[in-house]
**Student:** 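What follows is a single structure, and I will ask about it in a moment.
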Amino acid sequence: AHEKLLDTLRGVFEANPKAVAVVAFCLHGNAPDDKVMAFFDRARERGLTATEVDVVQRGASESMRGVIMATDPKRARVHTWVLRLS
């Protein structure tokens, strides 16, 4: 999935080789982690550089604490990646 997004990014980067895309996300368990992370492999297959630049464990708000932290703390772990033209 996300093929159209990758095609769009590739077009933006070709038009402006200095452009970057910052991708920040949390793993929510609605899809297997390896399938989510495969997005970056597909980006590389399209000639993009994909670099993880940060991972930060956040606390959950009071209203979300019972939903997120009690079941899976990775839902509040923010991964940040940068995509650019290789």
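Below, each value reflects all heavy atoms present in this structure, side chains not excepted, and no hydrogens, waters or symmetry copies. If you read the sequence from its start, that first residue is 1, and numbering goes on from there.
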**Student:** So, for Phe13 and Leu85, which heavy atoms are closest and what is the spacing to 0.1 Å?
**Tutor:**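 So the two residues come closest at O-CD2, 3.7 Å.
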**Student:** Do the ring planes of Phe40 and Trp81 sit parallel (below 30°), tilted (30 to 60°) or perpendicular (above 60°)?
**Tutor:** parallel
**Student:** Do Asp33 and Lys74 touch side chain to side chain, with heavy atoms closer than 4.5 Å?
**Tutor:** yes
**Student:** Under 4.5 Å between side-chain heavy atoms, counting indirect links through other Ile/Leu/Val/Met/Phe/Trp/Tyr residues: same cluster for Met37 and Leu83 or not?
**Tutor:**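 Yes, Met37 and Leu83 fall within the same hydrophobic cluster.
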**Student:** Would Arg10 and Glu3 count as a salt bridge (Lys or Arg N to Asp or Glu O under 4.0 Å) if you check the C-alpha gap in whole Å, the side-chain angles of each, and the deciding distance to 0.1 Å?
**Tutor:** CA-CA 10 Å; Arg10 177 74 193 197; Glu3 302 306 318; over 6 Å; no
**Student:** Same cluster for Val20 and Val12 if Ile/Leu/Val/Met/Phe/Trp/Tyr side chains link at under 4.5 Å?
**Tutor:**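 They do not share one cluster, since no chain of ILVMFWY contacts under 4.5 Å joins Val20 to Val12.
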**Student:** If hydrophobic clusters are built by linking Ile, Leu, Val, Met, Phe, Trp and Tyr wherever their side-chain heavy atoms come under 4.5 Å apart, do Leu9 and Phe25 end up in the same one?
**Tutor:** yes
**Student:** Is any side-chain heavy atom of Arg46 closer than 4.5 Å to one of Asp7?
**Tutor:**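 Yes - at least one pair of side-chain heavy atoms lies under 4.5 Å apart.
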**Student:** The criterion is side chain to side chain donor-acceptor pair (under 3.5 Å); which residues satisfy it with Asp41, sequence neighbours excluded?
**Tutor:**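 Scan of Asp41 (side chain to side chain donor-acceptor pair (under 3.5 Å), adjacent residues dropped) gives Arg44.
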**Student:** Do any N or O atoms from the side chain of Thr80 and from the backbone of Ala24 form a donor-acceptor pair under 3.5 angstrom?
**Tutor:** no
**Student:** Asn16: what forms a side-chain contact (heavy atoms from CB on, under 4.5 Å) with it, not counting sequence neighbours?
**Tutor:**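 By the side-chain contact (heavy atoms from CB on, under 4.5 Å) rule, Asn16 matches Lys18, Ala19.
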**Student:** Measure across Gly47 and Ser86 and return the closest heavy-atom pair with its distance rounded to 0.1 Å.
**Tutor:** O-OG, 2.9 Å
**Student:** Mind checking whether Val23 and Val53 sit in one hydrophobic cluster, side chains of I, L, V, M, F, W, Y counted as touching below 4.5 Å?
**Tutor:** no
**Student:** For Thr51, give me all partners under side chain to side chain donor-acceptor pair (under 3.5 Å), at least two apart in sequence or on another chain.
**Tutor:**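 Side chain to side chain donor-acceptor pair (under 3.5 Å) check on Thr51 returns nothing, list empty.
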**Student:** To check you understand the geometry: which heavy-atom pair defines the closest contact between Arg77 and Cys26, and what is its length?
**Tutor:**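 Minimum heavy-atom contact is O-SG, 3.4 Å.
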**Student:** Let's go through Leu27 and His79 carefully: what are the C-alpha distance in whole Å and the side-chain angles of both, what is the deciding distance for side chain to side chain contact (heavy atoms under 4.5 Å, CB included) to 0.1 Å, and is it a yes or a no?
**Tutor:** CA-CA 8 Å; Leu27 297 166; His79 299 261; 4.0 Å; yes
